[in-house]
Amino acid sequence: MNLNFSDEQNLLREQIQKFCNSDYDFYDRENFINTESGFDPEKWKLFADQGWLAMPFSSESGGFDFGPIELSILFEEFGKFLVLEPYLSNVVLSGYILDNSSFDKKNEYIEKLISGEEQISLAYMEQNRNYDFKNITCLLEGTDSLSLNGTKNLVLNGSNADNYLVTVNHNDVTTIVVINKDTEGLSINNFKTVDDRRISQLNFENVSINTDQIVSTGDEAEQLLKDAINYGTLCVSAEAVGSMESCYLKTVEYTKSREQFGQPISNFQVLQHKMVDMFIETELCKSLLYKSMIDMHENNDSKYRSVSALKSQVGISGKKVGEDAVQLHGGMGVSEEMSIGHYLKRFISIDSQFGNSHFHLKKFNNS
Amino acid sequence: MNLNFSDEQNLLREQIQKFCNSDYDFYDRENFINTESGFDPEKWKLFADQGWLAMPFSSESGGFDFGPIELSILFEEFGKFLVLEPYLSNVVLSGYILDNSSFDKKNEYIEKLISGEEQISLAYMEQNRNYDFKNITCLLEGTDSLSLNGTKNLVLNGSNADNYLVTVNHNDVTTIVVINKDTEGLSINNFKTVDDRRISQLNFENVSINTDQIVSTGDEAEQLLKDAINYGTLCVSAEAVGSMESCYLKTVEYTKSREQFGQPISNFQVLQHKMVDMFIETELCKSLLYKSMIDMHENNDSKYRSVSALKSQVGISGKKVGEDAVQLHGGMGVSEEMSIGHYLKRFISIDSQFGNSHFHLKKFNNS
Amino acid sequence: MELSFSSKDIEFRDEVRNFLANEYPKNVKEKIENGDPLTKEDIVDWHKSLSAKGWMGFNWPVEYGGTGWSPAQIYIFQNELGLAGCPPLIPFGVSMVGPVIYTFGNQEQKDRFLPDILNFDTWWCQGYSEPGSGSDLASLKTKAELVNENGKDYYIINGSKTWTTLAQNADWIFCLVRTDSSGKKQEGISFLLIDMKSPGIEVKPIITIDGDHEVNSVFFTDVKVPAENLIGEEGKGWTYAKFLLAHERFGIAGVGASKRQLERLKEISKDLGDDDLIAKVSQLEIDIMALEFTELRLLSALEGGGNPGAESSILKIKGTEIQQRLTELFVEAAGEFAIPYGGPDGYGSNVKPNGPEYTNDALSKYLNMRKVTIYGGSNEIQKNIISKFVLGV
Amino acid sequence: MELSFSSKDIEFRDEVRNFLANEYPKNVKEKIENGDPLTKEDIVDWHKSLSAKGWMGFNWPVEYGGTGWSPAQIYIFQNELGLAGCPPLIPFGVSMVGPVIYTFGNQEQKDRFLPDILNFDTWWCQGYSEPGSGSDLASLKTKAELVNENGKDYYIINGSKTWTTLAQNADWIFCLVRTDSSGKKQEGISFLLIDMKSPGIEVKPIITIDGDHEVNSVFFTDVKVPAENLIGEEGKGWTYAKFLLAHERFGIAGVGASKRQLERLKEISKDLGDDDLIAKVSQLEIDIMALEFTELRLLSALEGGGNPGAESSILKIKGTEIQQRLTELFVEAAGEFAIPYGGPDGYGSNVKPNGPEYTNDALSKYLNMRKVTIYGGSNEIQKNIISKFVLGV
């Protein structure tokens, strides 16, 4: 048994930390929130140049064969700085499906993704709360000429994507097709998310689909979706753990500098114990992260169950840590110009994604 | 709208307070815990002499027509001193059923109850958790000569009762019969409760029953049980509110006197805020008590729902207040010779009686 | 003891209900029902409808143009406003500076300011908090220096106030200022009324995490205020501020508005068939019931001539916790559909995300409500107050 | 990184399992499974079975007769004991005074005391807390005065200790005593070993709220202790006490035992079909998983040569909270059937109440577990430690 990171993993963490420390100033970040894309294209280019976009891809696909541990490191560090760039939607979700599919044209998409040239988003959500990728109502009909009708909601980073991986129901078989953004019959509505990302809904009206757009079908498609979502769930949880760490550290720092009644408010025992609770929540979540990422790394049967435990706890703890951080920052905590409220928004957003806390508690119990 | 007590009600409270203050010393109380009966027969006699045992009975039955408000006052004050005497089982539960039944021999039982001469316990619980008085398995069979078989569990104050009101299933009709403790075929096992009361299980083996032992049947019997249990639930909740008040007051007193690190531990802000939370929990429960007792007093439709809200909250808050009181008393809190741990035991016992907190939350929601 | 209100009170309640059903401005009502944002004009219209009815001074004595209502009536009035989903009353005039003026002001000040408050012709804002003084209000530094110019006394104000709610709409601000720095910090504070159009005042927006512009920084640079705008005595401002805190206590629990939200949540959670959410909503319903009866108990004590003291801090603590909890459960109900964010002004187009209607503003309400446990004396400060004045530790 | 233990560790685990399946005294095992109380003899038998196996010194270096196990092995050993439902190890000898003696004692003391600890021939108890010193241990007052009698040095002890666990069974007690009252309070404390048979020692039971006699008051009246029983230097007792605290940290989380209880609760809650209870048990399972991996992370750091510091206070805080929570859920599962109380010794007759078997001791365990957040440095004190040493505030 060994829960220590390898030297290579530690080096990766240092590399990401170095980038975030030097290039991810919060006020700088604020500027990109209000651009159309919502992130910094130059940083995305840098990610490509550093090879970060290739990390989890197999070497056959031009990647580094990095796994859940390395991705967790990346996301934990991203979480500390609230990194906006659309790594999750591109590399983790779409990337996983493409890389592990038997799709014969996958390399052309993967290449452009790794090089940062093109983006691709996964469209799997429809109408239900805690949507679980099954019961698809988007219908792909016909035999020779295929036609798609339906709506996909909450497509992460949808406004920046060049292509979409869309889950459809084809003769009651789960099917994933790849569709270009400029396809006729596809209309797109874009929204900002609460945590300053981009999200879209896609409406398909008699969109004609060629069979060479079919990425995966049936059991393979379902397994790919299940695993991609599990991967995504791990990554946002790791991100939340990083954000929690920043939150308690920033709160400690703030309370030490904020004076009231003639002394730093960090002298008040009630605030001290609240910060201790924030620290403990963070550490416990980190422990669950370790369990999950190693379970996934070792491909243990328990990997889905571990991730559900992690996501459930991160949902509760992130919200608690974020809310307490805001409370302890007082008025400054609810001010948009301080970073602390943005962490809270990210926690809420993460809890709402891929099934919330209670959903995963139930999933944990039933698996 | 008026949430102030009447002068008469305030007088009643003062009278009970005076008694408890002068006659209910905790160390004195400890002596009675280990006697066979588990309470002080002289105090019971005093209750009778003061007319307290007659309080809720109708004037036709020789009572004072006092209602839920007066009983709540009584129990709140009893709760402050952890009064042991079996008022609940005798006067509230059995008394309510007898007084409101159409049983023609009821007065002979009520008279002896009011005078303190005899005791009578309600036996309605069987095997299930959160037992709700229906689905009775104790069978009363036969037409001319009736015979009873079955078991009743958790009969409050069972070892002190001279008679039992027993719920039985007679041709699928809920029926209440009165049975003397010395009846042939009735065997009794007695236990102490965690909070130093007495509780019994009754085993009936071919116990012959005469029709003149039938107290009530059918709809009347079910309504009587429902209301008696609701009454009992109100009373133990009022008792819990009184106990909570004692708990936070005793904790404040203790922390002021206990010195550590050169100062009273009441100086520590974390302990102060915990005590404030105890105070707030107490006040909120008291508010729910007001709502319940007036709803019952006015016989509003919402009376069952209000009592469920109260009981559910008292279950949670009592436990929390009791546990925090013990924690803040440190080692002294877990010592049997201090009263504080006995309050905790009473809270746990109350939460377990008449359906626990979550049971009443569900009942509240479904009504 | 009785739960029911007297027939007189019920008559009164029906009158309020009737007013809210028929005279409450239709356009405001519609916007509220659709979850659309209100403009300044909407808010003014709403208040002026109350003025027209003679109800603006709902908590004032008759002699100053108020209704002279009993505590029970005030409770009923506020409760009905909440139940009907009315916009919250802007408290700075009617609940804050008004009572200070009619209690501590001179006749000239009463004549000059009170009628405009009751007609909602003056929009007031509150100048208490400063960047360096939040919970420790008495440490405020904004300086007021008495000078004489051409035989007239003025105060020259320098400093800044922060978290000033809706200062962008305000005509006047009432301020705590420091007129003396020599003695105990509470003793050098004075209570001053300042025209927001005075030269030297600058209002800068503070955007909060929900994306709203509700609060502001207000900067004072050599602002000249006639000395006649001083309320009461110089150096007694702290006393007046404490009086004001006691005055705004009722209604702070917000039970009526919370009950309205709760009903909506009950429907939603049952529609979703989510047992966990249903249980949480049930618990919240019990919490609201407990809060309501705590307020009623304090009200009864007040009507009986009692003086509920620091106990009423419970209303602030639990009331705000419940308000936050309600918004949390809406977010939970919304699931992923809470994430697309329109902010306080909606999505800025007619296209809305495909989630159920209640998901649209779930998160902006949640974020907006984070402030309530911080402002008006944070909940930690409230617990210190209870600890000191109720428990005596 | 890897989750699985090495094949060597797995071999070791199987050896422990095998021992617990076959050599752990049958009569003790049966009693535990039936929830029957253990006698002093049972506890001694259990420990002696470990001594016979050579495992009593599971956390000691080989040179003092210990196993010399790695941190991972110690973890596995403690975990397996918990999973198998073994009685907790009496820590006072092997985990407390033993390491102090072999680290700070002289050769004579090592030779005299260590073998008896490893054979469990001496039952030790701990004399730290006093009536006036709980969390503030350093304020202790029990006085030790050095005297010379017939050329031999003795300490004369006067004072009292409290909450002394199982003092009624103990042969020896290790005490913190005050040898100097002049300087800083920590500096006048010495660490002394005292034979419980010494004249002037009186042990009085303290009955706890579960009805058990587990702890005691110990009174010292002119007790004469040979000066050779002093460990290390006079006045250095506080240093040794702190060393000891660091030493007992591992295993404090009690993960193995908690997992065993959890499995039982999972069965029960599913049998009852109570969704609320099932959800609470699931949450607790996650809590235990988080605690287990926190312990493993600290263990990995330790194996890697790191020195987990005050972070390990988390183990005490969460470990004890989980232990309490488990007992709370058993009580919840038991419902009304928790109320008839047998106490730690059972019902005293063959007749038991009619509830399911797990209801019989639900409340005595709940009550017994209230102490764990109080003793060994209360959880409030642990949070102060984290606040100071981890967060630096």
Side-chain angles (χ1 to χ4, degrees), chain B residues 1-6 9 68-69 72 248-249 251-253 255-256 264-269 271-281 283-295 297-298 300 302 305-306 308-313 316-317 357-358 360-366, chain C residues 1-6 9-10 13 70-73 75-76 266 269-270 275 278-283 285-306 310-315 317-318 321 379-380 382-393:
Chain B
M1 198 220 44
N2 170 15
L3 294 184
N4 296 317
F5 291 99
S6 69
Q9 288 161 346
I69 299 177
S72 294
Y248 84 73
L249 290 173
T251 305
V252 167
E253 200 184 317
T255 58
K256 278 181 178 170
I265 61 173
S266 62
N267 282 6
F268 294 105
Q269 200 189 22
L271 304 196
Q272 289 174 356
H273 281 212
K274 267 203 186 152
M275 291 190 284
V276 169
D277 289 340
M278 291 164 74
F279 161 74
I280 292 177
E281 294 283 339
E283 289 300 310
L284 292 172
C285 285
K286 202 181 281 178
S287 298
L288 290 171
L289 172 62
Y290 276 51
K291 163 119 174 87
S292 283
M293 70 191 186
I294 307 178
D295 263 344
H297 172 67
E298 296 180 355
N300 297 329
S302 52
R305 191 164 197 261
S306 301
S308 278
L310 169 64
K311 181 63 162 61
S312 175
Q313 193 59 52
I316 295 168
S317 301
S357 189
H358 191 73
H360 278 286
L361 184 69
K362 271 197 160 162
K363 204 174 150 194
F364 172 77
N365 180 53
N366 295 331
Chain C
M1 281 201 157
E2 52 178 1
L3 274 189
S4 42
F5 286 97
S6 69
D9 286 338
I10 288 177
R13 186 197 64 192
S70 69
Q73 286 177 302
Y75 172 82
I76 290 169
K266 280 169 80 170
S269 62
K270 279 176 189 166
D275 280 345
I278 289 171
K280 286 171 177 164
V281 174
S282 291
Q283 178 60 55
E285 186 174 359
I286 293 175
D287 293 342
I288 292 174
M289 194 188 272
L291 179 67
E292 179 177 24
F293 276 80
T294 304
E295 188 165 28
L296 290 172
R297 280 170 57 208
L298 290 169
L299 192 71
S300 273
L302 206 63
E303 296 231 329
E311 285 88 350
S312 59
S313 283
I314 296 179
L315 301 182
I317 295 170
K318 293 309 287 187
E321 284 179 5
N379 286 13
E380 287 82 5
Q382 302 296 332
K383 288 191 181 179
N384 286 348
I385 291 172
I386 293 178
S387 177
K388 186 166 173 190
F389 295 105
V390 183
L391 304 185
V393 294

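Note that the structure is predicted; figures quoted are calculated from it, not measured. Convention: sequence-line order gives letters A, B, ...; per-chain numbering from 1.
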Return yes if some donor-acceptor pair links the side-chain N/O of B:K256 with the main-chain N/O of C:G392 below 3.5 Å, else return no.
yes
Within this structure, what is the CD1-CG distance for the pair C:I317 and B:L284, rounded to the nearest 0.5 Å?
10.0 Å
Interatomic spacing from CG in C:L296 to CG in B:N2 - rounded to 0.5 Å
11.0 Å
Nearest 0.5 Å please: distance from the CG atom of B:L271 over to the OG atom of C:S387.
10.0 Å
Taking all non-hydrogen atoms of both residues into account, name the closest pair between C:V393 and B:Q272 and its distance.
CG2-CG, 3.9 Å
When only pairs under 4.5 Å are counted, which of B:Y290, B:Y248, B:F364, B:F5 shares the most heavy-atom pairs with chain C?
B:F364
Side chain B:N365, main chain C:A279, donor-acceptor under 3.5 Å:
no
Quick one: pull up CD1 in C:I314 and CD in B:E281 and give me the separation to the nearest 0.5 Å.
10.0 Å
Counting only heavy atoms closer than 4.5 Å, note whether B:K286 contacts chain C via side chain, backbone, both or neither.
both
Heavy-atom nearest pair, B:S287 first then C:A290, reads CB-O, 3.4 Å
At a heavy-atom separation under 4.5 Å, does C:D287 approach chain B through its side chain, its backbone, both, or neither?
side chain
What option among B:V252, B:L249, B:I294, B:I69 has the most heavy-atom pairs under 4.5 Å with chain C?
B:I294
Would you mind checking which part of C:A72 comes under 4.5 Å of any heavy atom in chain B, side chain (CB onward), backbone (N, CA, C, O), both or neither?
neither
Under 4.5 Å to a heavy atom of chain B? For C:V390 that would be side chain
Honestly, the part of C:K270 sitting under 4.5 Å from a heavy atom of chain B is side chain
Would you call C:K383 and B:Q269 a side-chain contact if the rule is heavy atoms closer than 4.5 Å?
no
Indicate yes or no: does B:E283 engage C:K318 in a salt bridge with an N to O separation below 4.0 Å.
no
With a 4.5 angstrom heavy-atom cut-off, could you sort out which part of B:D295 is near chain C: side chain, backbone, both or neither?
both
Taking all heavy atoms of C:Q283 and all of B:I316, pick out the closest pair and write down the distance.
OE1-CD1, 3.7 Å
Chain B: which of C:K266, C:R297, C:E292 shares the most heavy-atom pairs with it under 4.5 Å?
C:R297
Going by heavy atoms in the side chains, are B:L361 and C:I286 under 4.5 Å from each other?
yes
Rounding to 0.5 Å, atoms CD1 (B:I280) and CD (C:Q382) come to a distance of 9.5 Å
Please determine, among B:H297, B:H358, B:E298, B:M275, the option with the most heavy-atom pairs under 4.5 Å with chain C.
B:E298
Quick one: what part of B:S266 sits under 4.5 Å from any heavy atom of chain C, side chain, backbone, both or neither?
both
